[in-house]
J.: 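The structure is given below, and queries will be raised subsequently.
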Amino acid sequence: MSEVVLRGFAWRHAGRRAWAVRGVDLRIAHGERVLLLGPSGAGKSTLLAALAGLLPEDSGEAAGEVQIDGLDPRKARERVGLVFQDPQTQLVMARSGDDVAFGLENRAVPAERIWPRVDEALHRVGFRYPRDRPTAALSGGEQQRLALAGVLALRPGLLLLDEPTANLDPPGARLVRDAIAGARDPDTTMIVVEHRVADALPLVDRVVVLEPGGGIRADGPPEAVFAEHGDRLADEGVWVPGRPLPAHRTPAAPSVRADALVRADGAAVRDRLAPVDLSAYAGEVLAITGPNGVGKSTLALLLGGLLAPTSGRVEAHPGGQPHRWRAATLTARIGSVFQNPEHQFVTTRVADELAVGPRRLGRSPAQIDTVVTHLLDRLRLGALAGANPYTLSGGEARRLSVATALATAPHLLILDEPTFGQDRRTWIELAALLAELRDEGHGVVAVTHDVDFVASLADRERRLAAP
């Protein structure tokens, strides 16, 4: 078990004026299970990284003190297990079983005990493949389960979870929450960051809310925190249970449609996506849903012209097969937002990232400046204009990736998990922005596990079935 103590803790990324988190005084006793809340960008992920001893001295400026059982976190790493917001950052082996075994081998667990613990951890998170499943063949949600299994196998005294169910389908999320609940014993202290607050509450006995400007806004039993601070927290972006979300649905779609913006006819990718027939139209939001591993992200790449089908066809109207288009044509016609935002960043400043697309299309400096300024303001990224995209929080990085796609005003927007990591306020603003695009005649296709997004915004839902 582990005790956590922070005294005046603060951290500022190199090159940034604003502190990512500051003035945190917090004590978490042995065996406590804490839900860490706060608006996007309040420093939740930074705080977890500090507790895991993963903030290098040369990458920023620290203040205050952090201790795990009286030790500097860098000297207590064997007591701590962290599941990152992006699971790809912690998968290191080619085969799934080997990845879970990797940490156990590094901690010199006897060989005869390693594989039983690997199998136990994989079973607990509902991993449905054998040990030799290639990690590169896993979907984002499956990678998340595997990353959690690798941490649970270590049986850490301090378990840190950063959005552990964010990319999971609802059944998968329930399995992961059950696995987390199964780890509940007096020897495990847990801190979890989770936007699905209502689902996470049965796992915890305490809520801590970070103040965006620094310090702790609220701390106590969940019922007491939400009763006293619920309205204000909801206004500032915290997902307080029981607060309704606005609806952005359009009237029923007409029976006669214009030509589809993009159409898949039996489109498939070997070993990744079974044949799919699907059309996406202007003036609608189409949600693509289904369990992890059925190929939703692969379908998004096909529709976005970023991947060629191995069988069947994908046709755009007008213009033929989008994967054959030149980059400038594709940029103007179809905008894509990847499941992992960092995969599409190409510059070292947020403002420069937003200018890439318009500049590629030959826009004037004045036009580019207008677009960049509007998107920075609309998606609450203005204070981060000069920041390195790779230092953003998960929610901020997601908003930037959406903004880069919007910067060229494409006819069709393909989004993979667009609401991942968003607080309540930015979720509402992002949904409103997508609704405006839809109402202006753009087509929007969103791969999502977010049932609130589907209920609020989707005009049609296409569910992919497991093979």
Side-chain angles (χ1 to χ4, degrees), residues 28 32-42 44-45 48 83 85 125-126 141 144-145 148 159-184 190-210 212 216-248 287 289 291-292 393-395 398 417-431 446 448-458 461:
I28 299 173
E32 277 197 291
R33 300 170 74 87
V34 175
L35 176 62
L36 184 63
L37 298 178
S40 177
K44 302 182 294 296
S45 295
L48 294 191
V83 177
Q85 205 169 41
V125 300
Q144 209 158 15
R145 291 191 206 180
L148 177 60
L159 179 60
L160 306 173
L161 303 169
D162 196 352
E163 299 272 5
T165 65
N167 284 328
L168 297 178
D169 56 74
R174 284 194 295 272
L175 279 172
V176 167
R177 288 194 297 272
D178 289 344
I180 296 169
R184 182 163 197 156
M190 184 185 79
I191 304 174
V192 57
V193 172
E194 178 63 88
H195 280 307
R196 296 174 176 177
V197 173
D199 293 333
L201 288 179
L203 303 175
V204 302
D205 41 47
R206 179 180 172 191
V207 168
V208 173
V209 184
L210 293 182
I216 301 294
R217 160 66 60 79
D219 183 358
E223 299 82 0
V225 168
F226 293 134
E228 183 177 353
H229 303 279
D231 290 340
R232 184 177 178 186
L233 291 176
D235 290 341
E236 294 179 350
V238 174
W239 286 98
V240 177
R243 270 37 176 205
L245 292 166
H248 297 284
T289 64
N292 291 113
S393 73
R398 167 57 72 215
E417 296 292 353
T419 56
F420 167 76
Q422 298 308 303
D423 64 28
R424 187 178 189 275
R425 181 169 58 181
T426 55
W427 189 102
I428 291 172
E429 291 172 350
L430 183 57
T448 185
H449 291 302
D450 186 343
V451 294
D452 291 323
F453 179 90
V454 176
S456 172
L457 194 64
E461 178 182 358

J.: After noting the C-alpha distance and the side-chain angles of Asp199 and Arg174, does the key distance pass the salt bridge (Lys or Arg N to Asp or Glu O under 4.0 Å) rule?
T.: CA-CA 9 Å; Asp199 293 333; Arg174 284 194 295 272; over 6 Å; no
J.: Taking the side chain as every heavy atom from C-beta outward, state whether Val192 and Pro164 have any pair of such atoms under 4.5 Å apart.
T.: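 A side-chain contact under 4.5 Å exists here.
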J.: Side chain to side chain donor-acceptor pair (under 3.5 Å) with Asn292: which residues, sequence neighbours excluded?
T.: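 Asn292 satisfies side chain to side chain donor-acceptor pair (under 3.5 Å) with His449 only.
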J.: Give the C-alpha distance, both sets of side-chain angles, the deciding distance and a yes or no for salt bridge (Lys or Arg N to Asp or Glu O under 4.0 Å) between Glu236 and Arg217.
T.: CA-CA 12 Å; Glu236 294 179 350; Arg217 160 66 60 79; 2.9 Å; yes
J.: Any chance you could lay out the side chain to side chain contact (heavy atoms under 4.5 Å, CB included) test for Arg232 and Val238, step after step, and finish with the verdict?
T.: CA-CA 9 Å; Arg232 184 177 178 186; Val238 174; over 6 Å; no
J.: Please list, chain by chain and in numerical order, all residues satisfying side chain to side chain donor-acceptor pair (under 3.5 Å) with Arg206, sequence neighbours excluded.
T.: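 In terms of side chain to side chain donor-acceptor pair (under 3.5 Å), with neighbours along the sequence ignored, Arg206 is linked to Glu32, Asp219.
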J.: Hey, could you give me the OG/CZ distance between Ser40 and Arg425, rounded to the nearest 0.5 Å?
T.: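 It is 9.5 Å, given to the nearest 0.5 Å.
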J.: Evaluate the criterion side chain to side chain contact (heavy atoms under 4.5 Å, CB included) for residue pair Thr289 and Thr448; output intermediate values, then yes/no.
T.: CA-CA 6 Å; Thr289 64; Thr448 185; 4.3 Å; yes
J.: Evaluate the side chain to side chain contact (heavy atoms under 4.5 Å, CB included) criterion for residues Ile180 and Leu161: first the C-alpha distance (whole Å), next the side-chain angles of each, then the deciding distance (0.1 Å), finally the verdict.
T.: CA-CA 10 Å; Ile180 296 169; Leu161 303 169; 3.5 Å; yes
J.: In Å, rounded to the nearest 0.5 Å, how long is the span from CD1 of Ile428 to NE2 of His248?
T.: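 NE2 of His248 is found 7.5 Å from CD1 of Ile428.
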J.: Which atom pair, heavy atoms only, marks the closest approach of Ala173 to Arg196?
T.: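 Closest heavy-atom pair between Ala173 and Arg196: CB-NH1, 3.1 Å.
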J.: Measure from the side-chain N and O atoms of Thr426 to the backbone N and O of Asp423, and report whether any donor-acceptor pair falls under 3.5 Å.
T.: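 Judged by distance alone, yes, a pair lies under 3.5 Å.
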J.: Does the side chain of Gln422 pick up a donor-acceptor pair with the side chain of His195 at under 3.5 Å?
T.: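 No, no side-chain donor-acceptor pair sits under 3.5 Å.
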J.: Looking only at side chains, do Thr165 and Glu194 share a donor and an acceptor under 3.5 Å apart?
T.: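 Checked: Thr165/Glu194 side chains pair up, N/O donor to acceptor below 3.5 Å.
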J.: Checking Lys44 side chain against Val209 main chain: does a donor-acceptor pair fall under 3.5 Å?
T.: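 Answer holds: no.
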J.: What I'd like to find out is whether the side chain of Val208 reaches to under 4.5 Å of the side chain of Leu35, using heavy atoms alone.
T.: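 Val208 vs Leu35: side chains apart.
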J.: Given 3.5 Å as the limit, does a donor-acceptor pair link the side chain of Arg424 with the main chain of Val240, or not?
T.: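 Here the side-chain-to-backbone pair does not exist.
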J.: Give the C-alpha distance, both sets of side-chain angles, the deciding distance and a yes or no for side chain to side chain contact (heavy atoms under 4.5 Å, CB included) between Ile216 and Leu210.
T.: CA-CA 5 Å; Ile216 301 294; Leu210 293 182; 3.7 Å; yes
J.: Mark yes or no for whether Glu429, through its side chain, and Trp427, through its backbone, hold a donor-acceptor pair below 3.5 Å.
T.: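 No.
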J.: Main chain of Leu203, side chain of Arg33: is a donor-acceptor contact present, judged purely on distance under 3.5 Å?
T.: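 Between the backbone of Leu203 and the side chain of Arg33 there is a qualifying donor-acceptor contact (under 3.5 Å).
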J.: Which value, rounded to the nearest 0.5 Å, describes the distance between Leu48 atom CG and Asp162 atom CG?
T.: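 Those atoms lie 5.0 Å apart.
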J.: If every non-hydrogen atom of Ala198 is compared with every non-hydrogen atom of Pro202, which pair is closest and at what distance?
T.: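 Nearest pair, atom of Ala198 first, then Pro202: O-CD, 3.5 Å.
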J.: Which heavy atom in Pro212 sits nearest to a heavy atom in Ala42, and how many Å separate them?
T.: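 Nearest heavy atoms, Pro212 then Ala42: CA-CB, 4.4 Å.
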J.: Please check if the side chain of Glu461 supplies one atom and the backbone of Ala287 the other of a donor-acceptor pair under 3.5 Å.
T.: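 Not at all, since once roles are kept as given, no pair shorter than 3.5 Å links the two residues.
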J.: Taking distance alone, no hydrogens or angles, what donor-acceptor pairs closer than 3.5 Å link side-chain atoms of residues 222-230 to residues at least two apart or in another chain?
T.:
none

